[in-house]
There are 2 protein chains.
Amino acid sequence: MVQGSTDHSGQAESWRTDSSGNRLTGTQLAVAALREGIRKGRYVPGQRLVETDLVTEIGVGRNSLREAFAYLASEGLVQVEPHRGASIRRRTHTEVAQLYDLSEVLEGLAARLAAINITQPGNAESLTAAIDREHRDAAGGSANQRIDDAARLHETILAIADNPRLTELVTNLHILTFSFQLRHTRLDGAQDLGETSLAEHLAVVEAIRQADPQQAEIAMRTHIRSAKEQVTALPKDASG
Amino acid sequence: MVQGSTDHSGQAESWRTDSSGNRLTGTQLAVAALREGIRKGRYVPGQRLVETDLVTEIGVGRNSLREAFAYLASEGLVQVEPHRGASIRRRTHTEVAQLYDLSEVLEGLAARLAAINITQPGNAESLTAAIDREHRDAAGGSANQRIDDAARLHETILAIADNPRLTELVTNLHILTFSFQLRHTRLDGAQDLGETSLAEHLAVVEAIRQADPQQAEIAMRTHIRSAKEQVTALPKDASG
DNA sequence: TCGGATGAAATTGTAGGATGATTTGATGGA
DNA sequence: TCCATCAAATCATCCTACAATTTCATCCGA
């Protein structure tokens, strides 16, 4: 019944709780499992998500699983076709390029808001911490570390921007574009990507630090546009 | 079984099909019904959505209904709290202002893309049709007509922009902010809103017509920012 | 009277059965 | 080869059942 647990009495079941110890509903659990699975490549674009399989794999009922499908379909991560079921949504190069257009203006907004909020206590410090980490790992870190650092900087800016829905939307877009990159770049490619972005990150951070909303937005949009160009220039072998 | 239908044989059931005659799934039906209900004020912010009631009201099973809740929760239209159920999500003035920030950059993007695509066949014509209609009703139309006209212009620009996800997001935002305005403006207030926006619409349309992406984006952002200011200046009696 | 305990009612969360509908892939004949 | 037909897999939907949780009215004692 509950995912191969050896727990036959009614005990803790800690894997069903979130970081605060709150019980997760089956739907939340399934959403998290699917998101993680997509991020880690456990589920790849185009892959069918057969209900009966995932029910046993994730350990929730069919209802919860289908609710998770609906939720993720609304985000655009999963595609649901009547009587054909759910699958990880494929993206063509064109669609990914369009998502980058969204990222450009949304992250631009984030940078602008961050420049406005940078004077709030603690914000300048967390921004500094994020960019310092990038600086440090630019020399001695692994490719994965540099990717993580870059992601963390974007998250930090979003946090400072302090617009929850904006954070949600951008985070979704990151997952969508990231799962695309996974299929189209090799590790060395990702390294290049990280290298060129450090200078651009510095420009963004500097504008935010100087509490210059307009310049922050411009710098961020330039940064995303350059990322878009790198990605859309990738080989057009397959789509997903 | 199926919403008091008198149809006991296996006949048409036309209310379960979309504009193209395709059968709608129960989930799609419930999503559409809830969206419409929110738009028309049938369901108001804060209202609880009791499953057993809506099951009979909409005429779908509890599963389909709950999938619809999940879908709309991801959009932000509905709020789902464990063991307390779904409700139409309330928005504070602050949150609505934040949504307008999103609208500003997203619709700005739409205008920019429209200015790029305006040379495609048919696009200039549909844009002209939309703005002409606004012109005509500015003199003789009702307040509701003017509101519809304005909405249609935005839809037209989105269509020309030709970025499906962008269209989705902006449409969602329109519903969210519209349901807020419903509770905070009277009809005469809506009239004022329409009047001032005509000039701004003209500026946007003119920039798109001249295939000037940069100016189109600026004009649209100015327009949305002005709408935001009008709305956030509304009385802060209740939230939702 | 006030505040907290208590217990019943309402509602949601979850699992899973049953059945019809639809897609998909295989098979066989023209 | 191409198309009709059939069987299997899978989904869509509604249903029942019961556990879990919240909500709310009621009662009791200070």
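Throughout, protein chains are lettered first and strands after them, A, B, ... in sequence-line order, and every chain is numbered starting at 1. From a predicted model like this one, the values you see are computed outputs, not experimental measurements.
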State plainly whether the residues B:Glu75 and B:Arg89 are in salt-bridge range, i.e. N to O under 4.0 Å.
no
Can you pull every protein N or O that's under 3.5 Å from an N or O on nucleotides 22-24 of chain C?
{"from": "C:dT22", "atom 1": "O4'", "to": "A:His83", "atom 2": "ND1", "distance (Å)": "3.4"}
{"from": "C:dT23", "atom 1": "O3'", "to": "A:Arg84", "atom 2": "NE", "distance (Å)": "3.4"}
{"from": "C:dT24", "atom 1": "OP1", "to": "A:Arg84", "atom 2": "NE", "distance (Å)": "2.4"}
{"from": "C:dT24", "atom 1": "OP1", "to": "A:Arg84", "atom 2": "NH2", "distance (Å)": "3.0"}

No-hydrogen, no-angle side-chain donor-acceptor test under 3.5 Å, B:Gln98 and B:His93
no
What residues 61-71 of chain A contributes to the DNA chain D interface at heavy-atom separation below 4.0 Å is A:Arg62, A:Arg66
Whole-Å distance, B:Gln28 CD to D:dA12 P, equals 10 Å
* Is the shortest distance from a Lys or Arg side-chain nitrogen in A:Arg152 or A:Glu155 to a carboxylate oxygen in the other one below 4.0 Å? -> no
Next on the checklist: Between B:Arg42 and B:Glu57, does any NZ, NE, NH1 or NH2 come within less than 4.0 Å of an OD or OE carboxylate oxygen?
Outcome noted: yes
Here the distance between atom P of C:dT14 and atom CD1 of A:Ile58, to the nearest Å, is 13 Å
Check B:Asp101 with B:Lys228, please: is the shortest side-chain N to carboxylate O separation under 4.0 Å? yes
### Salt-bridge criterion met for A:Arg225 and A:Glu229 (N-O under 4.0 Å)
no
Rounded to whole Å, CG of B:Leu24 lies from P of D:dC11 at a distance of 20 Å
Interatomic distance, CD1@A:Ile157 vs CG@A:Leu109, rounded to 0.5 Å, equals 12.0 Å
Rounded to whole Å, CD of A:Glu51 lies from P of C:dA15 at a distance of 14 Å
- Query: Any donor and acceptor pair, going by atom type alone, linking the side chain of B:Glu95 with main-chain N or O of B:Thr92 inside 3.5 Å?
  - Reply: yes
